[in-house]
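Below: one structure, written as structure tokens.
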Amino acid sequence: MELLRLATAGSVDDGKSTLIGRLLYDSKAILADQLEAVERTSAARGDVQTDLALLTDGLRAEREQGITIDVAYRYFTTPRRRFILADTPGHVQYTRNMVTGASTADLAIVLVDARHGMLEQSRRHVFLASLLQIPHIVVAVNKMDLVDWDRGAFESVREEFRRWAGRLDVSDVTFIPLSALHGDNVVNRSPNMGWYEGPSLLHHLEEVFIASDRNLIDPRFPVQYVLRPRATDYRGYAGTVAGGVFAPGDEVMVLPSGFTTTVASIDSADGAVEQAFAPMSVAITLADDLDVGRGDMICRPGNQPHRSSDLDAMICWFDDNAVLTERSMWVIKHTTRSARVQVRDLRYRLDVNTLHRDESVTSLGMNDIGRIGLRCTVPLMFDEYRRNRTTGSFILIDEHTNATVAGGMIIGPTES
């Protein structure tokens with residue numbers, strides 16, 4: 001059964017956790033003991049009705065403050081599709097958590113309060129979704145019950161979004177008016193909005209076409225670990241397929257050495273397979289004994305990634321204790337390879353409200369988004385992020401604290 005990964009996005013208090021709770025509740029995807037625990041907590045707090053947001057807001061601080069802080073993952077299945085839901089925080093302080101939760105999503109649900117329209121954090125999250133190349137976006141105009149199911153309020157948000165997002169790389173956008181609190185247009189069509197002729201949210205999630213979203217053209221296999229069981233001659237290279245399709249007999253090249261050979265076999269946890277494609281975790285054996293280790297890349301001789309120490313990238317800064325400046329040094333983690341990296345130049349910072357480029361900026365602070373040039377101590381094997389989200393992404397790490405300070409999307413090699 002096909003798997004759809006989705007993430008919520010939007011400003012604080014727009015109803016993301018409530019929507020996920022309602023989706024799980026109305027689709028009968030909640031275990032009885034989970035529901036009983038939520039009902040007890042709601043009753044103890046004196047809530048008029050069960051607070052379904054508690055299904056995802058599990059931290060004590062989240063329940064005390066009534067906000068989402070960490071990313072909460074929930075899993076459920078319908079007869080048509082399997083789902084992994086990432087409920088991400090809306091507060092500006094936790095933008096980094098939203099990036100983490102949305103980085104692997106096939107679809108983003110951007111919630112917008114029908115009363116307030118597109119707020120700054122809503123714009124920030126939509127812009128991040130476009131940077132992360134999330135193929136499908138649903139703009140869920142929530143709290144329609146608080147505007148008396150007014151069609152004009154829904155259309156106002158839709159037009160505001162279209163005007164602002166016209167310059168973004170967003171191709172598939174669907175607008176759905178709903179009330180997460182009462183369940184209107186979440187799982188079932190609402191009788192309160194007869195003017196709306198589109199699908200409910202769950203129907204859209206079941207039907208959205210995602211088969212063409214993954215890169216099955218460029219074979220990429222970053223080697224994570226070498227398997228050498230004792231008392232056997234087996235030598236397998238374990239990892240996760242990052243793109244394309246591999247099969248026994250395929251001619252392949254190992255980078256950075258450049259040696260070529262053929263695939264002897266492909267093994268999975270369930271035994272040998274005839275094909276491996278993203279995002280399968282497998283072990284590949286080769287026909288020849290080559291020096292292959294962690295951080296190497298297996299690809300096709302006629303279809304190779306870029307190899308360069310100089311990167312041009314967009315970056316989102318996560319850390320509130322450090323800033324990014326020109327000439328600062330960090331550790332870059334790209335697929336299974338790590339290296340030290342220096343910021344060569346800081347080109348501009350983006351204003352998420354106006355999409356204006358500030359080229360006079362000298363540093364990036366927490367939640368800032370900008371374009372930078374990087375130089376690594378060793379060459380990396382990468383693709384443009386728009387072509388492959390796995391081999392085109394990276395994180396920066398503070399080597400003193402081991403904290404992840406930034407996430408980046410590679411535009412390409414730096415032009416000399």
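These numbers come from a predicted model, not from an experiment.
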Review point. Given the rule in the side chain to side chain contact (heavy atoms under 4.5 Å, CB included) test, do Met193 and Asp184 qualify, once you have shown the distances and angles that lead to the verdict?
Key: CA-CA 9 Å; Met193 290 175 280; Asp184 294 82; 4.1 Å; yes

Exercise for review: Could you note down all residue pairs passing salt bridge (Lys or Arg N to Asp or Glu O under 4.0 Å) where residues 349-359 supplies at least one of them, sequence neighbours left out?
Suggested key: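 Applying salt bridge (Lys or Arg N to Asp or Glu O under 4.0 Å) to every pair that reaches into residues 349-359, excluding sequence neighbours, yields Arg349-Asp358, Arg349-Asp368.
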
Check your understanding: Restricting to pairs with a member in residues 245-269, which pass salt bridge (Lys or Arg N to Asp or Glu O under 4.0 Å), not counting sequence neighbours?
Key ->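 Of all non-adjacent pairs touching residues 245-269, those that pass salt bridge (Lys or Arg N to Asp or Glu O under 4.0 Å) are Asp250-Arg300.
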
Do [X] and [Y] come close enough that some side-chain heavy atom pair is under 4.5 Å?
X: Phe221; Y: Met297; result: no
X: Val343; Y: Leu374; result: yes
X: Leu111; Y: Leu19; result: yes
X: Val110; Y: Ile137; result: yes
X: Leu119; Y: Gln121; result: no
X: Glu384; Y: His306; result: yes
X: Tyr225; Y: Tyr237; result: no
X: Leu324; Y: Leu346; result: yes

Any donor-acceptor pair under 3.5 Å from [X] side chain to [Y] backbone:
X: Arg337; Y: Gly295; answer: yes
X: Arg74; Y: Asp87; answer: no
X: Ser27; Y: Leu23; answer: yes
X: Lys143; Y: Asp145; answer: no
X: Ser328; Y: Thr325; answer: yes
X: Asp288; Y: Leu290; answer: no
X: Asn185; Y: Ser190; answer: yes
X: Gln224; Y: Ala238; answer: no

Just checking, any donor-acceptor pair under 3.5 angstrom between side chains of [X] and [Y]?
X: Ser200; Y: Asn188; answer: no
X: Asp383; Y: Thr391; answer: yes
X: Thr414; Y: Asp310; answer: no
X: Arg220; Y: Asn303; answer: yes
X: Thr240; Y: Ser281; answer: yes
X: Thr285; Y: Ser265; answer: yes
X: His203; Y: Glu207; answer: no

Check your understanding: Hey, mind stepping through Val138 and Ile176 against side chain to side chain contact (heavy atoms under 4.5 Å, CB included) and telling me if it holds?
Key -> CA-CA 7 Å; Val138 173; Ile176 300 177; 4.0 Å; yes

Got a salt bridge between [X] and [Y], using NZ or NE/NH1/NH2 to carboxylate O under 4.0 Å?
X: Asp26; Y: Arg22; result: yes
X: Arg158; Y: Glu155; result: yes
X: Arg81; Y: Glu2; result: yes
X: Arg163; Y: Glu159; result: no
X: Arg340; Y: Glu399; result: yes
X: Asp312; Y: Arg347; result: yes

Roughly how far apart are [X] [atom1] and [Y] [atom2], rounded to 0.5 Å?
X: Phe382; Y: Phe394; atom1: CZ; atom2: CZ; value: 10.0 Å
X: Arg214; Y: Arg389; atom1: CZ; atom2: CZ; value: 9.5 Å
X: Glu206; Y: Leu201; atom1: CD; atom2: CG; value: 10.0 Å
X: Leu107; Y: Phe83; atom1: CG; atom2: CZ; value: 9.5 Å
X: Ile369; Y: Trp317; atom1: CD1; atom2: CH2; value: 14.0 Å
X: Gln304; Y: Asp218; atom1: CD; atom2: CG; value: 11.5 Å

Count the heavy atoms of every other residue, nucleotide or ligand shown that sit under 6.0 Å from [atom1] of [X], and state whether that count exceeds 12.
X: Arg386; atom1: CZ; value: no
X: Tyr73; atom1: OH; value: yes
X: Phe277; atom1: CZ; value: no
X: Tyr234; atom1: OH; value: yes

Taking every non-hydrogen atom, the tightest pair across [X] and [Y]:
X: Ala247; Y: Val263; answer: O-CB, 3.6 Å
X: Cys316; Y: Val99; answer: SG-CG2, 4.1 Å
X: Gly15; Y: Ala180; answer: O-CB, 4.3 Å
X: Ala7; Y: Gly101; answer: CB-O, 4.0 Å
X: Leu286; Y: Ala264; answer: C-CB, 3.9 Å
X: Ala108; Y: Ile134; answer: N-CG2, 3.6 Å

Point to revise | Leu85 vs Phe76, side chain to side chain contact (heavy atoms under 4.5 Å, CB included): CA-CA, chis, key distance, verdict | key: CA-CA 8 Å; Leu85 299 134; Phe76 77 104; 3.1 Å; yes

Practice item. Evaluate the criterion side chain to side chain contact (heavy atoms under 4.5 Å, CB included) for residue pair His136 and Leu6; output intermediate values, then yes/no. Key: CA-CA 9 Å; His136 311 281; Leu6 59 143; over 6 Å; no

